[in-house]
Each structure stands twice: as structure tokens, then as C-alpha cells.
There are 2 protein chains.
Amino acid sequence: MTGLSPSPTRRQKVEQREAAILRAAQAIFIEHGYDGARMADIARRAGMAEGTIYIYFKTKIDLMKAIVANFWSDLTIGARAAGRLEGSALLALRSLAEFHMQALIEQFEVIELTQSLRIFAPGETDSRQDMRIYVAVFDDIYRRGIDRGQFCEATPVWVARDLFYGTLEYSARTMRLRGSEDTGLVIDILVDVFEARFGVSETGQPAFEAGEYKRFAERFEAALERLESLPDTRS
Amino acid sequence: MTGLSPSPTRRQKVEQREAAILRAAQAIFIEHGYDGARMADIARRAGMAEGTIYIYFKTKIDLMKAIVANFWSDLTIGARAAGRLEGSALLALRSLAEFHMQALIEQFEVIELTQSLRIFAPGETDSRQDMRIYVAVFDDIYRRGIDRGQFCEATPVWVARDLFYGTLEYSARTMRLRGSEDTGLVIDILVDVFEARFGVSETGQPAFEAGEYKRFAERFEAALERLESLPDTRS
DNA sequence: GTAAATTATGAGTGACAATCATTCAAGCCG
DNA sequence: CGGCTTGAATGATTGTCACTCATAATTTAC
């Protein structure tokens with residue numbers, strides 16, 4: 001331990017160097033991928049010797065973990081803001097979907113780095129934890145929807161969450177491959193599905209259970225037919 | 001070139017050795033991950049010298065590519081069989097979903113290797129191609145459903161495909177993390193969504209367009225109310 | 001101003017993929 | 001059997017790169 005308060009200029013210097021390393025590393029990792037990135041290149045780009053990096057980050061993997069953790073915590077802040085819409089939970093979900101899709105497409109390089117982490121540091125709990133926190137933003141909105149009677153309680157939250165993030169993630173990946181970036185359609189249909197399948201009718205029951213819509217439509221048609229065949233007794 | 005027909009025993013030997021390398025490599029890759037696997041270990045396990053492997057596979061990445069390609073082509077055969085169910089396209093989709101989910105969970109180690117490939121051999125088209133062929137099994141079933149009037153034409157196939165595979169893949173991943181393996185619920189709900197959102201009513205229109213179900217329900221309720229307030233004119 | 005403590009440096013080390021000169025064995029013909 | 005040809009097998013060697021550590025530079029303390 002040094003004195004109780006090391007000079008602020010010193011602390012600032014340390015923070016600046018750490019930030020410089022992170023900036024340089026992110027650029028090099030994105031450019032060459034995790035294993036293609038050489039620590040020597042990162043050091044040169046950050047304007048310091050190779051050994052210096054090891055004072056700030058114990059290993060190459062630790063360096064990457066820090067980058068990825070920063071990324072997800074920033075993203076979580078954005079997602080919370082996007083989901084804080086007042087009004088129906090469905091609108092908040094649409095807003096979250098738009099934010100998420102945008103991030104997946106614009107910052108896909110960093111998200112690929114996240115996947116590299118899974119491969120190079122298997123069994124790590126930290127990075128999973130970051131994602132879990134991010135993904136919980138959905139849960140909050142969905143639960144709010146249940147509380148307000150906008151979503152049915154019958155479906156476990158995790159199924160809805162898997163459908164939500166799974167569809168968006170897969171779609172973003174295939175969009176990148178196709179070069180298309182028309183995120184509107186998937187989001188429309190996804191929100192639609194949430195409305196139709198997880199939404200709640202006035203009675204507090206799910207709008208439609210499995211196969212229910214068909215029976216519903218049949219009753220509707222039959223009832224209408226009968227109604228229309230009757231004489232009008234009004235006025 | 002040797003003579004027109006090199007002795008079969010020789011050719012067989014070569015094939016056996018290639019198979020031995022692939023078997024050993026798959027085991028070592030799964031055990032230690034791509035970068036954790038040492039060529040020396042693979043060679044020892046296959047019962048040959050390190051240099052010998054390089055006669056059969058130009059690089060470590062090529063070796064992995066071969067393993068992954070074999071895996072996907074086997075899986076495609078299974079998926080085609082699962083989707084060849086007669087009867088409704090919806091049943092075929094359910095069967096495909098069950099097969100896919102089973103594979104994702106049981107053979108997740110190999111699927112993780114596929115993801116390693118993306119990271120260690122970026123920009124490779126081969127492995128993408130394998131997956132594209134596999135994924136096309138869905139397209140065939142879905143198009144058959146459209147032809148037979150079981151699915152509406154309004155939704156592009158790719159959106160339905162993204163929703164299908166995205167949900168299953170994401171769900172399989174989170175199930176692994178949770179340790180649960182109850183695939184039934186997700187599949188039920190997914191098939192349900194396909195029926196409710198992409199299914200076709202008798203009129204050839206989608207069962208429910210965006211927001212449509214709400215207007216439908218309102219008309220239904222209003223009509224029923226009116227019907228019930230009328231005197232019964234029968235008998 | 002100088003000793004003590006902290007931080008920076010880059011040549012050096014070990015691990016590992018990939019190479020290649022050399023050894024080995026199978027098939028073929030007399 | 002025994003030389004001859006051709007392709008396969010070998011493992012010591014090379015090159016690369018993450019990481020270390022003895023030393024140098026710089027800052028702090030008194």
C-alpha cells in the first residue's frame with residue numbers, strides 16, 4: 001500500500017493507460033480475431049512495450065474478458081432505456097427488439113468476440129453472467145406485462161425469452177450473410193406472435209391456446225350464420 | 001499415378017488410417033477444444049507419428065473442417081428422414097423440431113466445434129454451405145405446406161425459418177446452462193405459434209395478421225352478445 | 001538531493017503447429 | 001528370392017507467439 005491518497009495525476013495516468021490498452025486491443029481483436037491478434041501489435045498500437053500490458057491484464061484472455069464485459073454492461077444500459085417505455089408491455093418489447101437487433105447488426109464484431117470467449121475460456125462464469133444480466137431486461141418487461149394483465153401467466157417466462165432472443169439473434173446472423181438489413185419484418189412478426197400467442201384476452205386467459213383459434217373461428221362463423229338468419233327484432 | 005488398380009489392401013489401409021485420424025481428432029477436439037488439442041496427442045491416439053497426419057490433412061484447421069462437414073452431412077440425412085412424415089406440414093415441422101432439438105442437446109460438443117470453425121477460419125464458405133443445406137430441410141417442408149394450403153404465402157419463408165431455428169438453438173443453449181432438458185414445452189409452443197401465426201384459414205388468408213385477432217375477438221363478442229339477447233325463434 | 005518504491009521495458013523462454021530430409025515398406029518383375 | 005521403384009511414415013527441426021523477469025526509468029517520500 002502507498003500513502004492514503006496517491007496523487008490524482010498518477011491515478012489518472014494509470015486509468016488512461018488502461019483505457020489505451022483496451023481501445024487498442026479491441027481494434028486489433030476485431031481486425032484479426034482473437035487468435036490472430038498478436039500482443040506485440042496491441043502493445044505497438046497502444047504505444048507501449050509488450051510487457052507493460054501484462055502489468056494491467058494478467059493474460060490475453062483477461063484482456064478480452066474486460067473488453068467484452070464493458071461491452072455488455074454498456075449494452076445493458078441502452079436496453080434498459082429502450083425498455084423503459086411507458087404504456088403497453090408490447091410496445092416496450094418492440095422497442096427492446098429494435099434496440100437489440102440494431103446492436104446485433106451494428107456491433108456484430110464485438111458480439112463475435114463474445115463467442116470467441118466461450119471457446120477460448122470454456123467454463124467461465126463471468127461472461128455468461130454479463131449476458132444473463134443483459135437478457136434479464138426482457139424478463140422485467142415481460143413480468144411487468146403479466147402483472148398488468150397484458151401477458152398470460154400460463155407460459156413460463158423463459159420460453160418467451162428464448163423465442164424472443166433466439167429469433168432475433170438467428171435472424172441478425174442470417175441477415176449479415178445475405179447482406180440485407182431489413183429488420184422491420186422480423187420484428188413486426190415477432191411482436192405479432194407475442195400479441196397473438198402470449199397476449200391475454202379480457203377473461204385473463206391466453207388469447208389462444210394450442211389449436212384453440214380454430215375452434216374459436218368455427219364458433220364465430222357458426223354464431224354469425226345463425227345470427228344473420230334471424231329476423232331483426234330491434235326498433 | 002501407380003498402375004490402374006493399386007492393390008485394394010493398400011487403398012483400404014489408407015482409408016482406415018484416415019478414419020482413425022478423424023476418430024482420434026474428434027475425441028481430442030471435444031475433450032480439449034480446438035486450440036487446446038495438440039496434434040501430438042491426436043497422433044498418439046491415432047497410433048502414428050505427428051508428421052503422418054499432415055499427409056492426410058494439410059493443416060489442423062483442415063482436419064477440423066473434415067470432422068464438421070461429416071457431422072453436418074450425417075445430420076442432414078437424419079433431418080430429411082424426420083421431415084418426410086406424410087400428413088400435415090405442421091406434423092412434419094414438429095418432427096423436425098424434435099430431431100433438431102435432440103441433436104443440439106446430445107451432440108452439442110460437435111456443434112461447439114462448428115462454432116470454433118467460424119472463429120478460427122473466418123470467411124470460409126464451406127462450413128456455412130453445410131449448414132445452409134441442413135437448414136434447407138425446413139424450407140422444403142414449409143414450402144410443401146404452402147403448396148398444400150396449410151401455410152399462408154404472405155410470410156416470407158426466411159422469417160419462419162429464423163423463428164424456427166433461432167428459438168430452438170437459443171433454447172437448447174439455455175437448457176444446457178440450466179441443466180434442464182425438457183424440450184417438450186418449447187416445441188409445443190413453437191408449433192403452436194406456427195399454427196396460429198403462419199397457418200391458413202379456409203379462405204386462404206393467414207389465420208391472423210398483425211393485430212387482426214383483436215378485431216376478430218371484438219366482432220365475435222359483439223355478435224354473440226347480440227345473438228344471445230334475441231328471442232329464440234326455433235321450434 | 002537521494003533513497004525507496006513503483007512502473008516500464010524488451011530480450012529471453014517454453015509450447016506448439018508445421019516442415020522436410022531421411023527411413024521404411026509394399027508391389028513388381030526376372 | 002532379391003534388386004528396383006514409388007509412395008508413406010517418421011521425428012528432429014524451425015518459426016511463431018504468449019508470457020516472464022532481470023534491469024532500467026520514473027515517481028514519491030523525506
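What you see is a predicted model; the values in this text were computed from it and never measured. In the text below, chain A, chain B and the rest are named by the order of the sequence lines, each starting its count at 1.
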Regarding A:Y56, tell me which of base, sugar-phosphate or nothing describes its non-hydrogen contacts under 4.0 Å with the strands shown.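 Result for A:Y56 = sugar-phosphate.
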
Just call it for B:A43: base, sugar-phosphate, or nothing, with non-hydrogen atoms closer than 4.0 Å on any strand.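 If one applies the 4.0 Å heavy-atom cut-off, B:A43 turns out to touch nothing in the nucleic acid.
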
Quickly, which of B:L190, B:T174, B:I189 forms a side chain to side chain contact (heavy atoms under 4.5 Å, CB included) with A:D162? Name it, please.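 By the side chain to side chain contact (heavy atoms under 4.5 Å, CB included) criterion, A:D162 pairs with just one of B:L190, B:T174, B:I189: B:T174.
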
Taking atom [atom2] of [N] as reference, at what distance in whole Å does atom [atom1] of [X] sit?
X: B:E18; N: D:dA9; atom1: CD; atom2: P; result: 11 Å
X: B:E50; N: D:dG11; atom1: CD; atom2: C1'; result: 8 Å
X: B:H32; N: C:dA17; atom1: NE2; atom2: P; result: 12 Å
X: B:I28; N: C:dA17; atom1: CD1; atom2: P; result: 11 Å
X: B:R17; N: D:dG7; atom1: CZ; atom2: C1'; result: 13 Å
X: B:R38; N: C:dA15; atom1: CZ; atom2: P; result: 10 Å
X: A:M39; N: D:dT20; atom1: CE; atom2: P; result: 10 Å
X: A:I55; N: C:dA5; atom1: CD1; atom2: P; result: 18 Å

Per the ring pair (Phe, Tyr, Trp, His ring centres under 6.0 Å) rule, which among B:F138, B:Y142, B:F164 passes with B:F151?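 Filter result, single survivor: B:Y142.
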
Given C:dA18, D:dA8, C:dA8, the nucleotide with the shortest approach to the side chain of B:K60: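 Among the listed nucleotides, the one closest to the side chain of B:K60 is C:dA18.
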
Identify each donor-acceptor pair in which a side-chain atom of residues 104-115 of chain A lies under 3.5 Å from a protein atom, sequence neighbours left out, and give them as a table.
from, atom 1, to, atom 2, distance (Å)
A:E106, OE2, A:Q102, NE2, 2.8
A:T114, OG1, A:W72, NE1, 3.1
A:T114, OG1, A:V110, O, 3.4

salt_bridge(B:E169, B:R173) N-O dist < 4.0 Å: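 B:R173 and B:E169: salt-bridged.
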
